[in-house]
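Input: a single structure, listed below in structure tokens.
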2 protein chains.
Amino acid sequence: MSKLTSELREAFRAADLRPTAQRYAVLEFLVSGRRHSTAGEIVRGVNRTGSAASRATVYNSLRALSRAGLVREVFTGGSAARFDATLHPHHHYICDLCGAIEDMAWFEVPAPAAARVLQGRHVRAYEVVYHGACRRCRNSKSGRGDI
Amino acid sequence: MSKLTSELREAFRAADLRPTAQRYAVLEFLVSGRRHSTAGEIVRGVNRTGSAASRATVYNSLRALSRAGLVREVFTGGSAARFDATLHPHHHYICDLCGAIEDMAWFEVPAPAAARVLQGRHVRAYEVVYHGACRRCRNSKSGRGDI
DNA sequence: CTGAAGGCTTAGATTTTGTCTAAGCTGACG
DNA sequence: CGTCAGCTTAGACAAAATCTAAGCCTTCAG
């Protein structure tokens, strides 16, 4: 068993999630594979790597992993939900014109300002989402960025 | 014409958007109505208030308003995209267990930390999205507290 | 070790969400 | 007015997500 897999097994135990081959496969795909995968991509990806999982199971697994905090659904702007493993936090930049999503390096939002508005709410994680016109759209703009 | 409507008219002019009855209706629904509506709710809501707009038009309007920065698609965690009017900025708190979305008061994220990762990107707006277990879910939990 | 019990998985149907198209309508502007 | 470009529309279409009923597997008490 790989080091990665034992790390995942530990995460499952900590989250009180019943460990199944399918859930491992989904999480492993997200941790080691591409970011921002759609559920459909995950289904195809998982079934290409020897494991097998039906569509319904992938959806169920994503929900379970999401509730456990191991996976997060990220802002898309597109028609399909996209998922990220949450082991490495990062912020997002979204172009309002073409819909592109860019990852940005992590930095902490100072606690004092946030604490006032959170009012004691439980926080497991957070991210900052920036909106604007990306470089490409700004360059190819003609008054109003032709997408 | 209501004060609200003239405010919207001004917003349209500033954004260089052709003002149509349907776009007014969509924006007005989002500004004055419930927050975080799905496209489907907007279609139903608009058509219940005397105005009329087809599904395609609502989607087109949302895209146009989004490009103009008057409306924003917010992270949901659900199966359908949700939209928010952006006239008054605020942050979001999302419950990973039940999917509830709560608005939170605005505060600024200090610029220095952000500037480093933005690397000169154009920013029109931003928001912080917090994830956790909401009060209701924490109280009604069955022994697994702070997931 | 053994055998329930309840959660997990599955295929496929179904529902929901979002996009596209072709034709007609309308706001902007001279 | 008259024209043009952009907007709206109904409905077909495509994609995404959920539901269902039956069987399988992890767990845990005995």
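These numbers come from the heavy atoms of this one structure, side chains and all, not from hydrogens, waters or symmetry mates. Chain letters run A, B, ... following the sequence lines, proteins first, then strands; residues in each count from 1.
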> To the side chain of A56(A), which of dA10(D), dA17(D), dT10(C) is closest?
Replying inline: dT10(C)

> Looking at dT9(C), dC7(D), dT19(C), which one has an atom nearest to any side-chain atom of T20(B)?
Replying inline: dC7(D)

> Of the candidate nucleotides dC8(C), dA13(C), dC7(D), which contains the atom at the shortest distance from the side chain of R18(A)?
Replying inline: dC8(C)

>> Let me confirm one number: the CG-CG distance from L70(B) to L62(B), rounded to the nearest 0.5 Å.
In response: 11.5 Å

>> Given dT9(C), dT18(D), dT8(D), identify the nucleotide with an atom nearest to the side chain of N60(B).
In response: dT8(D)

>> Nearest 0.5 Å, please: how far is CD1 in I42(B) from CZ in R82(B)?
In response: 9.5 Å

> Atom OH of Y59(A) to atom P of dA17(D): distance rounded to whole Å?
Replying inline: 4 Å

> Nearest 0.5 Å, what's the CZ-CG distance between R72(B) and D96(A)?
Replying inline: 6.5 Å

> Can you check whether H92(B) reaches D84(B) side chain to side chain, under 4.5 Å on heavy atoms?
Replying inline: yes

> How close or far is atom P of dG18(C) from atom CZ of R44(B), stated in whole angstroms?
Replying inline: 12 Å

> Do R135(B) and R138(B) come within less than 4.5 Å of each other through their side chains, counting heavy atoms only?
Replying inline: no

> What nucleotide, of dT8(D), dT9(C), dG18(C), holds the atom closest to the side chain of S61(A)?
Replying inline: dT9(C)

>> From CZ of R23(B) over to P of dA28(C), roughly how many Å is that when rounded to an integer?
In response: 11 Å

>> Are Y130(B) and H91(B), when compared by the centres of their aromatic rings, separated by less than 6.0 Å?
In response: no

>> Looking at S54(A), I'd like to know whether one of its side-chain N or O atoms comes within less than 4.0 Å of OP1 or OP2 on dT9(C).
In response: no

>> Expressed as a whole number of angstroms, how long is the span from R63(B):CZ to dT8(D):C1'?
In response: 14 Å

>> Categorize A39(A) for me: base, sugar-phosphate, or nothing, with a 4.0 angstrom heavy-atom threshold over every strand shown.
In response: sugar-phosphate

> So, do C134(A) and L97(A) sit near enough that their side-chain heavy atoms are less than 4.5 Å apart?
Replying inline: no

> Could you give the CG-to-P distance, from L17(B) to dG27(C), as a whole number of Å?
Replying inline: 15 Å

>> Heavy atoms only, 4.0 Å cut-off, all strands: where does A21(B) land among base, sugar-phosphate and nothing?
In response: nothing

> According to a strict under-4.0 Å criterion, is Q22(B) in side-chain N/O contact with OP1 or OP2 of dT26(C)?
Replying inline: no

> Quick one: bend of the helix from dC1(C)-dG30(D) to dG30(C)-dC1(D) from 5 pairs per end, to 10°?
Replying inline: 50°

> Which whole-number value in Å describes the distance from L27(A) CG to dC8(C) P?
Replying inline: 16 Å

> Counting side-chain heavy atoms from CB outward, which of dT17(C), dA28(C), dC7(D) is closest to P19(B)?
Replying inline: dA28(C)

> Side chain of R55(B): nearest nucleotide among dG18(C), dT8(D), dA17(D)?
Replying inline: dG18(C)

> What is the distance from CG of L62(B) to C1' of dT17(C), rounded to the nearest Å?
Replying inline: 13 Å

> At their closest point, which heavy atom of F107(A) faces which heavy atom of V128(A), and how far apart are they?
Replying inline: CZ-CG2, 4.4 Å

> Rounding to a whole Å, what distance do you find between Y24(A):OH and dC25(D):C1'?
Replying inline: 14 Å

